[in-house]
Engineer: 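Have a look at this one before I ask anything.
Naming convention: chains lettered A, B, ... in sequence-line order (proteins, then strands); numbering from 1 in each chain.
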There are 2 protein chains.
Amino acid sequence: MSLGTFLAVTRAPRAGVGRPVATTHEEIEDAAFRLFGEHGFQSTTVEAIAAEAGIGRRTLFRYFDSKNDIPWGRFDESLVHFRAILQESPADLGLREAVHRGVLQFNDFGPEAAPQHRRRMGLILSTPALQAHSVLRYAQWRGVIAEFVAAREGLAAGDLLPVTVGHTSLALALSAYEFWLAHDDADLLQLLDQAMAGLRSYLA
Amino acid sequence: MSLGTFLAVTRAPRAGVGRPVATTHEEIEDAAFRLFGEHGFQSTTVEAIAAEAGIGRRTLFRYFDSKNDIPWGRFDESLVHFRAILQESPADLGLREAVHRGVLQFNDFGPEAAPQHRRRMGLILSTPALQAHSVLRYAQWRGVIAEFVAAREGLAAGDLLPVTVGHTSLALALSAYEFWLAHDDADLLQLLDQAMAGLRSYLA
DNA sequence: ACATTAATGGCACTCGGGGCCAAAAGTCGA
DNA sequence: TCGACTTTTGGCCCCGAGTGCCATTAATGT
C-alpha cells in the first residue's frame, strides 16, 4: 500500500435499486490523465474530461469536488490505511523510528506501481494550481501523524510537538519526492532515509 | 522587518508623465481587510473590494494577480530583506544557528505591528483557499533558505540537504504560527525556539 | 492648444463550481 | 407484464474569478 494505492475501488453504496452509475472514479481519472498528458492540466477543461469519460459535466462534479481533486484520486481512503500502519507499530519502538517507518511503509509500493505513481506526483508537484490545492490533502496527512504522536506522548493533537512532527514529516517527504521526481534513477525510500539522516545531522 | 512589514510602499515607476494612479496596494488591502472582517474572505467579491477601494474591478487585477494575493500584500519585497538577513549572518556561526536566527529575525516585529500581523496570518491560516494559495509564497521563502544553505555548503540549491532545510524551516515556522494564532498570549519568537528545541529532541 | 504618455475601467468572454429539477434506468412487488 | 419506487444522471442557468481588448481619462512636455 502506498500513495499510489489510493486509486482504490469505487465502493458500491448499495447494489441494485435505482439507476445504475454511469462511471467510476477510476474511469474519470484515466480519462483525465489521458488529456492532461496531451494538453497539460490547465488547458484541459472539465468539460473535455467529462466528454472523454462519456459523462455529463455535472456528473463529474458528483465524483470529484473539483478539478484539482482528480489527480489525487481517493486519497482519503489511503489515509485510513496510514492510520492503521502507525497504530500497528510496536510500542517499544522509539517515537521517531515509529513515525519514520510508518512514512516509509506508506510510500512503499511495488516497482509495478511506480510509473503510475510517478506520473501522478509529477503532475501534482509541477502544476502550481495542484501544488496549492495539495496542502489541504497534506493537512489531513499531517493530522494522522499528529494524532499518533499525541496519543503516544499523552498530549493533545494541537500541542506544539505533535504539530511540529507532522509538519516536519511532511517536509521530509516532500523533499524526498521533489528529488525523486527530478532524478529518474532515484529510489524514493532511500531518499526518505537520506533526508532524515541529513536533517538529523543538520540539527545535531 | 518581519512578515508584517511586507505592506511596503507602492513604488512610483516614474513620476509625472501619464495619467496618475488611482490607488495603491495599501488602499486596496485596507479596503479588502475591512470587508473580509465583515463578511469573511469567501463571501467578499472582488467587485465589492474594488468598489470599497473606489476603483474599477479591472484595475484591481492590475495591482493584485488574484484575490488570493491580496492578504499577502507585497510579500516578494520582504523576501529581498530575508535574503539580506541571511547573507549578513556571521560566517563563524553554525549553519543551523544561522538559519534559525535568520528566521527569528524575519519574524521579529515590534508589538505595535503584532495585531495587524495577527489578523493577516489568522485570515490566511484559517481560510482554506488562502492556505492553499500560500504554498506558492512559501515556496519562494523556502527557496531563499535553500539558496543560502547551498551557498554555504558548496551544494546546488536543488540538492537534498538545502531543499530539506528549506522545507523543515517552513515546517517549524508554520507549527509556531499555528500555535501562536490559537493562543492569544503566546509569543511567536519563543514558539519558534520551542519548536526547534522540540524537534531536536525528537530527532536526537 | 496639441501631441504624448500611461493608467483607468468598461465590455465581453472563458472556465470552474453549484443549485435545481425533469428525465433516465434500474429493482421490486402485485 | 405493468406500474411504483428509488437513485443517478445530466441539462439548464446562475455566480464569481480572471483576462484580452480598447476607448477614455488625466497628467506632462512642447
Engineer: Taking the minimum atom-to-atom distance to the side chain of A/F61, which one of C/dG16, D/dA17, D/dT8 wins?
Structural biologist: C/dG16

Engineer: On DNA chain D, nearest-nucleotide positions of B/S66 versus B/G18: which is more 5'?
Structural biologist: B/S66

Engineer: Less than 4.0 angstrom between a side-chain N/O of A/T59 and OP1 or OP2 of D/dG10, yes or no?
Structural biologist: yes

Engineer: OP1 or OP2 of C/dA7 sitting under 4.0 Å from any side-chain N/O of B/Y63?
Structural biologist: no

Engineer: Can you tell me the distance, in whole Å, between the CD atom of A/E47 and the P atom of D/dG11?
Structural biologist: 9 Å

Engineer: Select from B/Q42 and A/R62 the residue whose nearest nucleotide in DNA chain D is closer to the 5' end of that strand.
Structural biologist: A/R62

Engineer: For atom CD of A/Q140, is the number of surrounding heavy atoms from other residues, nucleotides or ligands below 6.0 Å larger than 12?
Structural biologist: yes

Engineer: If you round to the nearest 0.5 Å, how far is OH of A/Y177 from NE2 of B/H167?
Structural biologist: 13.0 Å

Engineer: Of all the choices, C/dG9, D/dT9, D/dA17, which nucleotide is nearest to the side chain of B/K67 once you look at every atom?
Structural biologist: D/dA17

Engineer: Contact class for A/T44 vs. all strands (heavy atom < 4.0 Å): base, sugar-phosphate, or nothing?
Structural biologist: sugar-phosphate

Engineer: Rounded to the Å, how far apart are B/I55 CD1 and C/dG10 C1'?
Structural biologist: 14 Å

Engineer: Could you report the tightest heavy-atom contact between A/K67 and A/F41, atom names first, then the distance?
Structural biologist: NZ-O, 3.0 Å

Engineer: What is the distance, to the nearest angstrom, from the CD1 atom on B/I28 to the C1' atom on C/dG9?
Structural biologist: 13 Å

Engineer: Which of the following nucleotides, D/dG11, D/dC21, C/dG26, is nearest to the side chain of A/R58?
Structural biologist: D/dG11

Engineer: Quick one: A/H133 NE2 to C/dG16 P, roughly how many Å, whole number?
Structural biologist: 14 Å

Engineer: For A/N68 and C/dG17, give me the distance from atom CG to atom P, rounded to whole Å.
Structural biologist: 6 Å

Engineer: In terms of the angle between their ring planes, are A/F106 and A/F82 parallel, tilted or perpendicular, with boundaries placed at 30° and 60°?
Structural biologist: tilted

Engineer: Among C/dT27, C/dA6, C/dA12, which nucleotide has an atom closest to any side-chain atom of B/R57?
Structural biologist: C/dA12

Engineer: To the nearest 0.5 Å, what is the distance between CG (A/L191) and CG (A/L172)?
Structural biologist: 11.5 Å

Engineer: What nucleotide, of C/dA24, D/dT6, C/dG16, holds the atom closest to the side chain of A/R19?
Structural biologist: C/dA24

